[in-house]
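Ligands are counted one by one from 1 in listed order, and the atoms in each one are counted from 1 as well. The structure presented is a predicted model; accordingly, all values stated were derived computationally and were not measured.
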Amino acid sequence: MSDFIFIDRFKREEIEGLFELTDDIKSRPDLFASKCRGKILATLFYEPSTRTRLSFESAMLRLGGSVLGFADAKVSSAAKGETIADTARMVSNYADLIVIRHPLAGAAQVMADYSEVPVINGGDDSNQHPTQTLLDLYTISRCKGRIEGLNVGICGDLRYGRAPHSLALGLAMFGGKIINIAPQGLEMPRHVIERLRILYGADVETVRDLKGVISDLDVLYVNRLQKERLPEDMDYEEIKDSYAITPNSIRSSKPDMIIMHPLPRVNELSYELDGDSRAIYFEQSRNGLFIRMALILALTGKAHLELNPVERERIELEVKCGNPRCVTDHEPYLHPTYEILSSEGEEKFCVYCGYRL
Ligand code: NCD
């Protein structure tokens, strides 16, 4: 059984296999309409969502399966104090596959550890959003014909956004070149930069301003300011306009540069760009449906495609994870556990939230 928690636990070839399956589903959806008959998907959403939850539900329904779940933690037993581990044990009895979104980093890994059925990470705090990355990489590869060698500018709140963290890992895996464009204080966290370097030897350049790099970019990937996760000492109103993308800010881009965004947008991406041929964010989001159909088929054994997570050594240490938002700091039965990412064995990262020890 395989879970889908961190994008970097899979090999590039397997993800490419998923993209080919996605092409098949997109071109002949009728051939897949009853592949998951009798299967049940549980969507456990402890945080707001439109695209991720509804596209997963639509994906399962379009495969002939059924869905159950909740879209608000207040109506689940979490409100009574039930742990993630116990919820995982229960829901395994009711469903064949689980998608979880949760406000604690590492919650998806905990659910996977205690569930009897495969678990998909639908976003865990500011840690990871690996299925967003699948649809992002798929969109880039199908629009540009490749990912390797492309210059991808990832712009916006790269600290609290989870989509940019998974995306950077996915891009590095495929040989894309990452240019981070972030306001002061919202740069990509060190543990993500280190993960990129250790796993893929990726060097990440960070700049403050789009202006100096826009003409080099093949892809501009915009992210919103994650208001719900900003610390109190950061002024949302002040930062929010600082990197808004307008037709003027991309005036000197390559004509075939593409503009992407995981959505929802607030004010960082002008509506005036919607009719621009470079804007592909709605197509990007539509791809989410097909890629999630492919992922469901792979994880329920309904496609000739197995996803085999890379084996990594796990060690338990009596050293607390340094991330105050890590699930290990909130669920009392968990022991701090680290995975070793490199053969030298020196680099240990929290198996749940990805922080470096
Ligand atoms: C993203 C998320 O939830 O992290 N949304 C999505 O799933 N498309 C991005 C965001 O909320 O900014």
Side-chain angles (χ1 to χ4, degrees), residues 4-7 41 43-59 69-73 99-109 120-140 152-171 180-183 186-189 192 219-230 234 236 239-240 242-245 259-270 279-293 295-296 325 353-354:
F4 200 76
I5 311 294
F6 275 84
I7 190 91
L41 170 73
T43 52
L44 313 184
F45 276 63
Y46 298 79
E47 254 196 2
S49 170
T50 299
R51 272 152 293 274
T52 306
R53 185 173 64 85
L54 294 182
S55 66
F56 261 116
E57 293 189 352
S58 176
F70 53 81
D72 181 351
V99 185
I100 175 178
R101 169 170 288 188
H102 201 282
L104 288 174
Q109 183 61 54
I120 298 170
N121 185 359
D124 57 332
D125 188 53
S126 54
N127 181 25
Q128 298 288 311
H129 194 352
T131 66
Q132 179 66 45
T133 299
L134 287 180
L135 73 96
D136 296 341
L137 295 176
Y138 176 78
T139 304
I140 297 172
V152 183
I154 313 182
C155 169
D157 180 352
L158 309 188
R159 179 160 180 197
Y160 297 106
R162 52 197 167 204
H165 300 168
S166 306
L167 175 65
L169 288 163
L171 285 169
N180 283 341
I181 307 149
L186 294 177
E187 298 90 352
M188 198 166 271
V192 181
V219 180
L220 173 62
Y221 191 102
V222 188
N223 297 277
R224 87 184 154 90
L225 186 56
Q226 307 283 303
K227 187 179 186 182
E228 66 277 34
R229 297 190 199 110
L230 277 195
M234 283 185 115
Y236 175 77
I239 310 168
K240 90 177 190 336
S242 69
Y243 63 85
I245 309 296
I259 310 166
M260 300 175 70
H261 193 301
L263 304 176
R265 69 173 142 181
V266 188
N267 75 323
E268 67 288 345
L269 188 59
S270 161
I280 58 150
Y281 29 88
F282 295 121
E283 181 185 338
Q284 173 191 356
S285 125
R286 181 175 140 77
N287 284 334
L289 170 67
F290 302 109
I291 199 96
R292 288 178 172 122
M293 287 172 79
L295 184 65
I296 291 172
R325 303 286 310 147
C353 76

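Residue Ser55 comes nearest to Arg292 through the heavy atom pair OG-NH1, 2.8 Å, listed as atom of the first residue, atom of the second, then distance. For the residue pair Gly170 and Ile7, the shortest heavy atom distance occurs at N-CG2, 4.0 Å.
The environment of CZ in Arg286 is sparse: at most 12 heavy-atom neighbours from other residues, nucleotides or ligands sit within 6.0 Å.
Between Pro264 and ligand 1 there is a heavy-atom distance shorter than 4.0 Å. Ligand 1 lies within reach of Gln226, whose nearest heavy atom is under 4.0 Å from it.
Contacts of Phe282 classified as side-chain contact (heavy atoms from CB on, under 4.5 Å), with partners at least two apart in sequence or in another chain: Leu263, Arg265, Asp274.
In the vicinity of Gln132, heavy-atom distances shorter than 4.0 Å reach the ligand 1 atoms 6 (C), 7 (O), 8 (N).
If you check which protein heavy atom lies closest to atom 7 (O) of ligand 1, you get His129 NE2, 2.8 Å. With hydrogens left out, the protein atom closest to atom 3 (O) of ligand 1 is Arg162 NH2, 2.9 Å, a heavy atom. For atom 12 (O) of ligand 1, the nearest protein heavy atom (residue, atom name, distance) is Arg224 NE, 2.7 Å.
Between Pro262 and ligand 1, at least one pair of N/O atoms sits closer than 3.5 Å.
A side-chain donor-acceptor contact under 3.5 Å links Arg162 to the backbone of Asp125.
For the atom pair CZ of Arg325 and CZ of Arg229, the computed distance is 8.5 Å after rounding to the nearest 0.5 Å.
In Leu263, the part holding a heavy atom less than 4.0 Å from any atom of ligand 1 is the backbone.
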